[in-house]
There are 2 protein chains.
Amino acid sequence: MNPNNWNVPDKSLRKQATLHDVAQDAGVSKSTVSLVLQDNPQVKDQTREKVLRSIEATGYVYNRKAAALRQAQSSDLIGILVNSFVTPYSAEILNCFEQVALSKGLVPMMASNGEQLDQQERFIKSYMEHKVSGFIICPAPNTSVSWLDKIWRSGFPLVQIMREVPFSQFPAVIADNRNGVREATRHLISLGHQKIAFVGGDEAISDYHERLGGYMDAMSEAGLSVPEAYVLPISQGRAAGRQVLQTLLSYKTRVTAIVCFSDLMAYGILSMSRELGIEVGKDLAVIGFDDLADSSLTHPALTTVRVQPEDFAISAMEMLQNHIQNSQVPAERRVIPAKLIVRESCGAPQNIN
Amino acid sequence: MNPNNWNVPDKSLRKQATLHDVAQDAGVSKSTVSLVLQDNPQVKDQTREKVLRSIEATGYVYNRKAAALRQAQSSDLIGILVNSFVTPYSAEILNCFEQVALSKGLVPMMASNGEQLDQQERFIKSYMEHKVSGFIICPAPNTSVSWLDKIWRSGFPLVQIMREVPFSQFPAVIADNRNGVREATRHLISLGHQKIAFVGGDEAISDYHERLGGYMDAMSEAGLSVPEAYVLPISQGRAAGRQVLQTLLSYKTRVTAIVCFSDLMAYGILSMSRELGIEVGKDLAVIGFDDLADSSLTHPALTTVRVQPEDFAISAMEMLQNHIQNSQVPAERRVIPAKLIVRESCGAPQNIN
DNA sequence: GAATTTTACTGGAACGTTCCAGGTATCTTT
DNA sequence: AAAGATACCTGGAACGTTCCAGTAAAATTC
């Protein structure tokens with residue numbers, strides 16, 4: 001092994017080592033080196049070790065691009081697009097996907113769409129060019145079926161998560177939004193609440209309508225009226241929660257309970273309540289959705305609806321892999337169960353779970 | 001939309017279209033198609049349009065792998081490794097990097113190391129195989145210089161962010177931790193506090209020592225003693241903040257102010273204080289670090305130290321690009337300014353800023 | 001010890017691009 | 001009308017792998 005070849009500091013002059021270089025160094029053919037890299041048992045141990053030493057010596061780094069080029073379409077890359085990095089629930093989801101990918105030997109390429117179509121399209125286009133083998137995607141509002149269709153027809157299977165594009169027939173993994181919020185609302189009703197608001201969410205996104213539906217179900221089955229003013233869609237977030245509480249308090253007949261689209265919005269309501277001297281859990285019942293890590297640490301601890309982020313990752317990844325290896329499998333729509341987690345913010349006796 | 005169509009077209013039988021297919025469809029050579037893709041003005045408009053139509057018709061997707069293989073080392077991929085997706089400040093950083101990459105036409109490959117060496121090594125190895133053109137990395141605790149050195153010598157420039165491996169001479173973009181915490185501590189001292197604790201942080205990470213140093217600076221310049229029990233390193237996070245407050249309250253002489261390693265820890269202290277009936281901003285002063293989006297919404301609003309996450313992204317990306325295009329540029333260590341943001345949690349009159 | 005099988009390795013085509021060195025028309029110039 | 005210039009297009013080598021078909025040597029069989 002030539003000592004001055006690989007360690008010269010000047011990167012610009014020094015090409016990265018290739019199979020060929022390793023082969024030369026080890027005095028074998030590049031085919032043999034390739035076999036070693038693939039752990040092929042055909043290679044004599046003595047040769048294998050010689051090659052491994054040369055790999056080390058040359059600082060060789062496997063070139064997956066070249067390999068993938070040869071091996072037709074295969075690629076260990078999975079494109080994962082969520083709505084945002086800074087939304088805690090999305091961050092949890094990403095984290096789960098990373099772990100699942102790691103355990104399957106896949107490499108996730110993750111990006112956010114920032115809820116914007118153009119950003120979403122730029123990333124998807126770019127990932128297609130990098131030949132990911134499929135997509136996991138939380139579609140931005142107003143994503144069109146025809147666009148998804150184009151992706152699919154270009155040879156990239158995809159699985160929608162968390163939301164789905166209306167009338168799309170593509171595989172999807174969706175939370176049981178309707179049941180979750182129905183249970184939550186029933187819980188409030190069982191505690192005697194009648195004037196219950198549903199706040200937060202984006203009307204352009206499917207999950208909003210499902211959660212709203214669950215709320216409506218529970219209200220109507222209890223024979224409770226839902227004045228228009230009780231439903232306040234507003235983009236989720238803490239600041240919105242603060243604002244929404246003030247709106248609700250301005251009503252002549254005061255609401256006694258609030259079902260929130262998300263935990264984040266519930267946090268905002270909690271924070272504003274404290275400032276206004278309203279005691280949540282006594283004067284006002286608040287219920288969230290997501291069960292973020294922080295929700296057991298708020299004061300009062302937040303009653304909320306939990307949908308395991310791991311389940312999204314495991315199901316979506318599994319479904320995508322099925323579509324990658326066999327284009328004939330039918331599109332499935334999987335629903336992740338939602339579970340009511342009773343804590344203190346509704347004033348109910350706390351369950352042990 | 002054909003209801004059974006998107007299920008049927010057998011991807012396994014249908015190869016993705018290549019330059020060659022497009023060329024055939026358009027009745028030109030693949031070289032011409034390549035020229036069109038590169039917007040080369042040599043091509044007659046008529047031909048260009050014919051080719052573009054064929055691209056559309058065949059559903060052709062550019063293959064960046066093949067292109068990069070030909071064009072030697074170049075690649076539009078940047079590997080970005082942070083410590084965690086679920087830490088809010090890291091999420092903000094990732095978001096900024098994504099925006100910067102987008103604006104430069106680069107494609108970020110992002111992953112987290114989960115503060116673990118093995119996960120970090122797996123991702124870096126994988127990204128090297130995918131021939132990213134460089135790395136932005138927030139090194140996990142106990143990352144070794146020799147490992148970084150190996151990456152660098154394999155031809156991948158890297159820039160450390162937020163933390164740096166001790167004695168490493170690689171480029172780095174670091175917050176002005178020492179000054180930030182020094183200012184914060186001085187602020188508390190100027191308000192009359194003397195018994196001030198410094199809590200949180202991981203002793204295995206460089207930023208801890210810098211922030212601790214800032215605290216020590218301020219204490220000693222004011223002639224204040226720092227009993228050992230006033231410094232409580234503990235892995236950051238809300239739960240830790242709750243716990244740490246109880247420890248501090250157990251001391252015979254009570255601490256009147258707490259400098260926290262992070263906002264997250266401060267949130268824990270805020271939440272536990274509320275439960276214990278301690279009024280932060282009056283009975284106890286608390287100061288954070290990070291200025292998360294939520295920190296202006298807590299009650300009381302958190303006094304903290306802000307380090308613009310955008311600045312990390314902009315500086316690190318710029319430095320990395322310099323190293324990518326010219327291996328001779330010297331390693332620079334850039335410091336991002338830290339700014340004290342005075343809000344309510346220390347009981348100080350609130351500045352307007 | 002000749003024929004056969006097994007073991008361990010190798011040469012080279014192929015993957016889908018880029019880009020250079022040409023190659024034809026067509027257009028100018030004289 | 002010949003020569004040169006220009007505009008537009010093309011063939012083919014190269015990038016770093018994989019993998020098939022093949023080869024040479026060693027081991028086994030008869």
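Proteins get letters first, then strands, A, B, ... in listed order; numbering begins at 1 in each.
Atom NZ of Lys150(A) has 12 or fewer heavy atoms from other residues, nucleotides or ligands within 6.0 Å.
Remark: P of dC15(D) and CG of Asn63(B) are 18 Å apart, rounded to the nearest angstrom. Whole-Å rounding puts the Lys50(A) NZ to dC9(C) P distance at 8 Å. Straight-line distance from the CE atom of Met128(B) to the P atom of dT17(D): 14 Å, rounded to whole Å. Atom-to-atom, OH of Tyr62(A) to C1' of dT17(D) comes out at 7 Å; the value is rounded to the nearest Å. When rounded to the nearest whole Å, the span between NZ of Lys44(A) and C1' of dA8(C) equals 7 Å. Rounded to an integer number of Å, the gap from CD of Gln71(B) to C1' of dC15(D) is 10 Å. Taking atom NZ of residue Lys131(A) and atom C1' of nucleotide dT17(C), one finds them 11 Å apart after rounding to whole Å. One atom, CG of Leu69(A), and another, C1' of dC15(D), lie 9 Å apart when rounded to the nearest Å.
Applying a 4.0 Å cut-off to non-hydrogen atoms, the residues of residues 25-42 of chain B that approach DNA chain C are Lys30(B), Ser31(B), Ser34(B), Gln38(B), listed by residue number.
A salt bridge is defined here as a Lys NZ or Arg NE, NH1 or NH2 lying under 4.0 Å from an Asp or Glu carboxylate O, and Arg334(A) with Glu318(A) meets this definition. With respect to the salt-bridge test (charged N to carboxylate O, under 4.0 angstrom), the residues Arg153(B) and Asp149(B) qualify. With respect to the salt-bridge test (charged N to carboxylate O, under 4.0 angstrom), the residues Arg122(B) and Glu98(A) do not qualify. With salt bridges taken as basic N to acidic carboxylate O contacts below 4.0 Å, none links Glu129(A) and Lys65(B). Ion pair Glu56(B)/Lys50(B) not flagged as a salt bridge, since none of the NZ, NE, NH1 or NH2 atoms sits closer than 4.0 Å to an Asp/Glu carboxylate oxygen.
Taking for each of Ala67(A) and Arg48(B) the nucleotide of DNA chain D with the nearest heavy atom, the 5'-most of the two is the partner of Arg48(B). Toward the 5' end of DNA chain D, the nearer of the two residues Thr47(B) and Arg70(B), judged by each one's closest nucleotide, is Thr47(B).
In this structure, Trp152(B) and His323(B) have perpendicular ring planes: the angle between them is above 60°, well past the 30° mark.
Thr18(A) has no side-chain polar atom (N or O) that falls below the 4.0 Å cut-off from OP1 or OP2 of dC15(D).
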